[in-house]
2 protein chains.
Amino acid sequence: MLGAALARCAACEIRDQTFCSALKYDELGRLQSIVSQFRVAPGQLLFQEGDEAGNVFNVLSGVVKLYKFLPDGRRQITGFLFAGDFLGFAAGGILSYSAEAVSEIVVCRFVRRQLYRLFDEFPKLESRLLGIATDELAAAQDQMLLLGRKTATEKIASFLISLARRMKIETEPNSTVPLPMPRGDIADYLGLTVETLSRTLGKLARDGLITLPGVYRVTLLRPDDLQEIAEGF
Amino acid sequence: MLGAALARCAACEIRDQTFCSALKYDELGRLQSIVSQFRVAPGQLLFQEGDEAGNVFNVLSGVVKLYKFLPDGRRQITGFLFAGDFLGFAAGGILSYSAEAVSEIVVCRFVRRQLYRLFDEFPKLESRLLGIATDELAAAQDQMLLLGRKTATEKIASFLISLARRMKIETEPNSTVPLPMPRGDIADYLGLTVETLSRTLGKLARDGLITLPGVYRVTLLRPDDLQEIAEGF
DNA sequence: CGTGGCTTTGAATTACATCAAACCTTGTGG
DNA sequence: CCACAAGGTTTGATGTAATTCAAAGCCACG
């Protein structure tokens, strides 16, 4: 991480997408006093599997990936995080996954103990965090269904649809969605190889469901059909 | 569910394994006043995907499975729950998965709004629930790694080891672990077919890692080797 | 002692992985 | 400004782990 910068919570553009919005405007000072802001270059780690869970983060901009390894190098990406997302949940104070910047990112960093100490003063913060954890649990179950039971085509359709949703792009015909991560990351998120991913994207394009205007962009020609495929029809 | 029965929280044998232990002994009365106890037969639903999240539960005894379906009947079991486990987390007040008794079970049922109302009075309850959600999130990530990247053999080894752990059975050579669910459930939990599951269990037995003294029992002959396989070595 | 539902075993198929090579990009240094 | 590495992506040929389809055991229960 490069140098820290002062956060200006009151002026935060994405406050209402984060747990910070659990606090009222005039309570933000307490948060601001324990937060610092960082810029992180692509490929840099925010933390690693096995680390003490010293810090937690809010993503202000850019993309973060969470992942776990097997000893021989097989990797499963368990989530991509975007602006407004929280990271740092850790069972037993030890992180069981790694977090790495995919693009250049800006994050707000909280010392976990300081943030958790604020819970006494503002229980709404903890409620909000429980709500976030609950949402993530639901998303994790969706991903288990995807990994365990969907075909390559269904996995990719699901990914494109949910990416569009996460990026708040209207899924009307011909809307274009950025793919802000390389093929290897998408493959490791979907439990596929890059070759299968590439071939299956090609097939979706040949079938007239998408076009690939560039490596890092997809146009959804028939999002409704894509959605049906994603859901397993 | 059959008739309700009065709960006796003060006498609860597994209180220290549940969120209830967040309350002191003399505070249990507040919990007891909002809980009722039920016996549920195998195959009966506690709730279903799409339901309003009206109730939450603690499992007192028996085994519960959580699962999601695709429209054509493909199923992913996202978790098995045992004595002491909590269920009912729901994003946005709607349940995104179903819960069904595998064996005969006994559960404590709370009306969700009543329990969540207690959070104001006892913030420790909410902290505990956040801790539980955090643990489940970590387990969910482990399961994603399993589903996305492990081989059939590794999946089954992982399942046997974690089942032994969940059931608090010492994993020393020759300890026997009950398999309290049918093959179809295990397969749908591991993202396999029953045939592959059956064949791979057979292979583990032929390789001298386990024996199958009955359909619903496994003896772990070499748990350490099994663990190594589970972790992907 | 059937009979229906699990479980196991067998043979054939296939979706996806692996191995291999060609094809871009993008950045860098001559 | 161009040549050319270097890394990511796509395409092709082949291999295989797991699925599918099928049938035979095996209980457990009425």
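Letters go in sequence order (proteins before strands), and every chain restarts at 1.
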Checklist entry - Taking only residues two or more places apart in sequence or in another chain, which ones pass side chain to side chain donor-acceptor pair (under 3.5 Å) with A:Arg112? => result none
Checklist entry - Step by step, would you call A:Asp135 with A:Phe86 a side-chain contact (heavy atoms from CB on, under 4.5 Å)? => result CA-CA 11 Å; A:Asp135 290 346; A:Phe86 173 86; over 6 Å; no
Checklist outcome for this item: Rounded to whole Å, the CG-P distance (A:Leu179 to D:dG8) equals 16 Å
Next on the checklist: Counting distance alone, no hydrogens or angles: does the base of D:dG12 have a donor or acceptor under 3.5 Å from a partner atom on the side chain of A:Arg199?
Outcome noted: yes
Checklist entry - In whole angstrom, what separates A:Leu146's CG from C:dC16's P? => result 12 Å
Item to check | Qualifying residue for side chain to side chain contact (heavy atoms under 4.5 Å, CB included) with A:Lys65, from A:Thr78, A:Asp185, A:Asp188 | outcome: A:Asp185
Checklist entry - A:Val194 or B:Thr151: which one's nearest nucleotide on DNA chain D is closer to the 5' end? => result A:Val194
Next on the checklist: From CG of B:Asp188 over to P of D:dT19, roughly how many Å is that when rounded to an integer?
Outcome noted: 11 Å
Next on the checklist: In whole Å, I'd like the distance from the CG atom of B:Leu197 to the C1' atom of D:dA17.
Outcome noted: 15 Å
Item to check | Output field: ring centroids B:Tyr67/B:Phe69 closer than 6.0 Å | outcome: yes
Checklist entry - Which listed nucleotide (D:dT9, D:dT19, C:dT8) is nearest to the side chain of A:Pro182? => result D:dT9
Next on the checklist: What contact category does A:Gly184 fall into here, base, sugar-phosphate, or nothing, at under 4.0 angstrom with non-hydrogen atoms?
Outcome noted: sugar-phosphate
Checklist entry - For B:Gly214, which contact category applies under a 4.0 Å heavy-atom criterion: base, sugar-phosphate, or nothing? => result nothing
Item to check | Validation row: A:Asn58, A:Phe110 side chains within 4.5 angstrom (heavy atoms) | outcome: yes
Checklist entry - Is any side-chain N or O of B:Tyr216 closer than 4.0 Å to OP1 or OP2 of C:dT7? => result yes
Checklist entry - For the pair made of CG in B:Leu190 and P in D:dT19, what is the distance, rounded to whole Å? => result 11 Å
Checklist entry - Rounded to the Å, how far apart are A:Lys150 NZ and C:dC16 P? => result 14 Å
Next on the checklist: Nearest whole Å is fine: how far is D:dG7 C1' from A:Asp185 CG?
Outcome noted: 14 Å
Next on the checklist: Less than 4.0 angstrom between a side-chain N/O of A:Thr193 and OP1 or OP2 of C:dC16, yes or no?
Outcome noted: no
Item to check | Gap between atoms CZ and C1', on B:Arg183 and C:dT9 respectively (whole Å) | outcome: 14 Å
Checklist entry - Would one find a side-chain N or O of A:Ser198 under 4.0 angstrom from OP1 or OP2 of D:dT9? => result no
Checklist entry - Relative to the 5' end of DNA chain D, which residue comes earlier, A:Leu212 or B:Glu195, by the nucleotide with the nearest heavy atom? => result A:Leu212
